[in-house]
Amino acid sequence: MTVDIRTVGIVGAGQMGSGIAHVAALAGLNVVLNDVSEERVNNGLATVNGNLKRQVSKGVITQAQNDEALSRIKAEPNVEGLGVCDLVIEAATENEAVKVKIYGNVCPHLKPEAILATNTSSISITRLAAATDRPERFIGIHFMNPVPVMQLVEIIRGIATDDGTFDSAKAFITKLDRQVAVAEDFPAFIVNRILLPMINEAIYTLYEGVGTVESIDMAMRLGANHPMGPLQLADFIGLDTCLSIMQVLHEGLADSKYRPCPLLVKYVEAGWLGRKVKRGFYDYRGEKPVATR
Ligand SMILES: CC(=O)CC(=O)SCCNC(=O)CCNC(=O)[C@H](O)C(C)(C)COP(=O)(O)OP(=O)(O)OC[C@H]1O[C@@H](n2cnc3c(N)ncnc32)[C@H](O)[C@@H]1OP(=O)(O)O
Ligand SMILES: NC(=O)C1=CN([C@@H]2O[C@H](COP(=O)(O)OP(=O)(O)OC[C@H]3O[C@@H](n4cnc5c(N)ncnc54)[C@H](OP(=O)(O)O)[C@@H]3O)[C@@H](O)[C@H]2O)C=CC1
């Protein structure tokens with residue numbers, strides 16, 4: 001059964017959840033934004049507000065589109081409020097136990113026909129689906145960061161995902177004016193299977209003293225025309241998320257080429273998770289980012 005998606009719930013109002021709320025509301029959908037606390041939801045709304053304003057100032061959208069989009073997003077700190085949604089996208093921390101716990105809390109409140117999706121960067125869709133009451137109506141819808149700018153969305157079916165769910169997810173992405181890449185359910189799918197080993201290798205290059213933070217980033221920006229250097233990109237994604245993805249690749253494919261760099265582990269252990277906490281491979285607390293090594 002295909003579902004006409006008009007109301008989208010989002011669980012996790014961090015950088016990805018707020019980005020998904022942003023593009024869904026701009027596309028004319030109603031959005032219910034949920035997180036662990038009212039404060040977290042309000043932070044997510046503030047992010048959407050700031051990014052919409054930036055688009056207005058650049059002439060990408062009008063003030064009227066900005067206002068309409070904001071009026072379509074409902075802040076909802078309680079999971080019960082997700083009961084009105086046709087599609088709920090979980091965009092919480094990249095940790096399987098956290099995600100499974102969320103499904104346990106959310107599923108009892110969903111309409112029977114509602115689709116449940118995850119924005120996971122790497123974790124098995126089949127395994128996550130098996131922890132829900134609706135494996136047939138569960139799917140991976142993987143947006144890229146920053147969501148308001150990036151054109152690609154990966155769609156990943158679990159073993160049980162039915163055709164109606166797949167078609168509904170595809171129609172939803174098309175409505176958001178994004179391009180779909182269909183990926184099979186293997187660790188980290190397509191983009192991160194390729195991107196994260198490159199970032200991990202950049203961290204090894206730093207760890208082994210081949211270059212400094214700045215020389216490695218400059219090398220890849222100017223030498224390979226990447227819009228951001230790999231260490232700058234790691235900080236942008238979040239070092240906790242990068243480490244989780246490498247761990248999923250390492251465990252899921254059982255190949256030592258995916259071994260997370262010990263320096264990445266150290267940064268995460270220090271709580272230096274990148275831009276979101278103002279410190280990672282760069283320190284963002286001053287006027288300009290300063291390399292930490
Ligand atoms: C980990 C995963 O699971 C998967 C992933 O997402 S992996 C990460 C994938 N993402 C990337 O690789 C991003 C690489 N970086 C880039 O593409 C660029 O650096 C960037 C788009 C982020 C910023 O580009 P930039 O030229 O340095 O900055 P800036 O000029 O400020 O922004 C470019 C445009 O993006 C917009 N923009 C940037 N961040 C934005 C945001 N958060 N919200 C809305 N708009 C944003 C700007 O308004 C600007 O728009 P215009 O071109 O219309 O003027
Ligand atoms: N960062 C990236 O570039 C990309 C990330 N992703 C994926 O998107 C997901 C979110 O990542 P991202 O937005 O970067 O992470 P963030 O850390 O920015 O946001 C995650 C949010 O989820 C919240 N959260 C944690 N536990 C719960 C819970 N039980 N219920 C509701 N909300 C909860 C967190 O709250 P608190 O801070 O209080 O824990 C936080 O607000 C991950 O699966 C990640 O792999 C996908 C594409 C790109």
Side-chain angles (χ1 to χ4, degrees), residues 9-23 26 33-45 47-61 66 69 76-79 82 88-106 117-123 125 128 140-154 156 181 183 188-196 198-199 217 220-221 225-230 232-249 273-277:
I10 298 165
V11 181
Q15 48 179 348
M16 294 307 293
S18 59
I20 299 166
H22 176 139
V23 295
L26 263 186
L33 187 58
N34 168 264
D35 203 308
V36 277
S37 66
E38 207 166 337
E39 190 195 350
R40 282 272 182 267
V41 181
N42 288 338
N43 286 346
L45 270 180
T47 304
V48 178
N49 201 356
N51 284 330
L52 283 168
K53 266 208 184 94
R54 181 212 296 246
Q55 287 183 311
V56 173
S57 69
K58 298 226 173 189
V60 179
I61 59 167
N66 173 111
E76 179 55 87
N78 305 309
V79 284
L82 296 165
V88 171
I89 305 176
E90 167 275 307
T93 315
E94 187 71 349
N95 175 307
E96 191 163 337
V98 168
K99 290 180 186 299
V100 167
K101 189 157 180 246
I102 288 172
Y103 305 149
N105 292 335
V106 167
T118 175
N119 189 51
T120 180
S121 297
S122 59
I123 302 168
I125 304 302
L128 291 177
I141 302 184
H142 180 215
F143 288 83
M144 305 295 140
N145 187 12
V147 182
V149 179
M150 304 301 276
Q151 284 306 300
L152 187 85
V153 181
E154 289 182 316
I156 310 103
F189 323 123
I190 299 173
V191 171
N192 289 332
R193 170 82 176 258
I194 300 167
L195 184 64
L196 262 293
M198 191 272 289
I199 288 175
D217 274 349
M220 294 308 285
R221 267 199 329 271
N225 259 3
H226 288 195
M228 285 177 168
Q232 193 190 357
L233 182 56
D235 275 357
F236 183 62
I237 291 169
L239 301 189
D240 50 342
T241 303
C242 291
L243 178 59
S244 296
I245 297 169
M246 287 312 300
Q247 286 166 336
V248 168
L249 279 166
L273 305 181
R275 284 242 292 242
K276 61 186 169 186
V277 298

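Just so you know, residue 1 is the first one in the sequence shown, and it goes up from there. Counting convention: from 1, in listed order, for ligands and their atoms alike.
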Contact summary for [X] and [Y], nearest pair of heavy atoms:
{"X": "Leu128", "Y": "Val100", "value": "CD2-CG2, 4.3 Å"}
{"X": "Ala92", "Y": "Lys99", "value": "O-NZ, 2.9 Å"}
{"X": "Gly9", "Y": "Leu82", "value": "CA-CD2, 3.9 Å"}

- prompt: What residues, two or more places apart in sequence or in another chain, satisfy side chain to side chain donor-acceptor pair (under 3.5 Å) together with Ser18?
  reply: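 Side chain to side chain donor-acceptor pair (under 3.5 Å) check on Ser18 returns nothing, list empty.
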Given Val23, which of Val147, Val48, Val149, Val153 fulfils the side-chain contact (heavy atoms from CB on, under 4.5 Å) condition?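 Looking at Val147, Val48, Val149, Val153, the match for Val23 under the side-chain contact (heavy atoms from CB on, under 4.5 Å) is Val147.
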Checklist line | Residue of the set Asn192, Val191, Ile190, Leu196 for which side-chain contact (heavy atoms from CB on, under 4.5 Å) holds with Ile194 | finding: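 Result for side-chain contact (heavy atoms from CB on, under 4.5 Å) with Ile194: Ile190.
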inquiry  = Closer than 3.5 angstrom, by distance alone: can the side chain of Thr120 be matched with the main-chain N or O of Ser122 as a donor-acceptor pair?
reply    =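 Flag set: sc Thr120 to bb Ser122 pair under 3.5 Å.
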Next on the checklist: Between Glu94 (side chain only) and Ser121 (backbone N and O only), is there a donor and an acceptor less than 3.5 Å apart?
Outcome noted: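 Yes; at least one donor-acceptor contact below 3.5 Å.
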Name each N or O atom in ligand 2 that is under 3.5 Å from a protein N or O, and give the partner atom and the distance.
from, atom 1, to, atom 2, distance (Å)
ligand 2, 1 (N), Gln15, NE2, 3.2
ligand 2, 1 (N), Ile237, O, 2.8
ligand 2, 3 (O), Asn145, ND2, 3.0
ligand 2, 6 (N), Ser121, OG, 3.2
ligand 2, 8 (O), Asn119, ND2, 3.0
ligand 2, 13 (O), Gln15, N, 3.3
ligand 2, 13 (O), Met16, N, 2.9
ligand 2, 14 (O), Gln15, NE2, 3.2
ligand 2, 17 (O), Lys276, NZ, 3.1
ligand 2, 18 (O), Gln15, N, 3.1
ligand 2, 32 (N), Asp35, OD1, 3.1
ligand 2, 35 (O), Arg40, NE, 3.4
ligand 2, 37 (O), Arg40, NE, 3.0
ligand 2, 37 (O), Arg40, NH2, 3.2
ligand 2, 38 (O), Arg40, NE, 2.7
ligand 2, 38 (O), Arg40, NH2, 3.2
ligand 2, 41 (O), Asp35, OD2, 2.8
ligand 2, 43 (O), Ala92, O, 3.2
ligand 2, 43 (O), Glu94, OE1, 2.5
ligand 2, 43 (O), Lys99, NZ, 2.8
ligand 2, 45 (O), Glu94, OE1, 2.9
ligand 2, 45 (O), Ser121, OG, 2.6

Q.
Students should find this: residues with any non-hydrogen atom under 4.0 Å from ligand 1. What is the answer?
A.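 Heavy-atom contacts below 4.0 Å: Asn51, Arg54, Lys58, Val60, Ser121, His142, Met144, Asn145, Pro146, Pro148, Val149, Met150, Asn192, Leu195, Pro227, Met228, Leu233, Ile237.
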| message | Listing request: all side-chain hydrogen bond (donor to acceptor under 3.5 Å, both in side chains) pairs with a residue in residues 237-246, at least two apart in sequence or in separate chains. | response |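 For residues 237-246: Asp240-Lys276.
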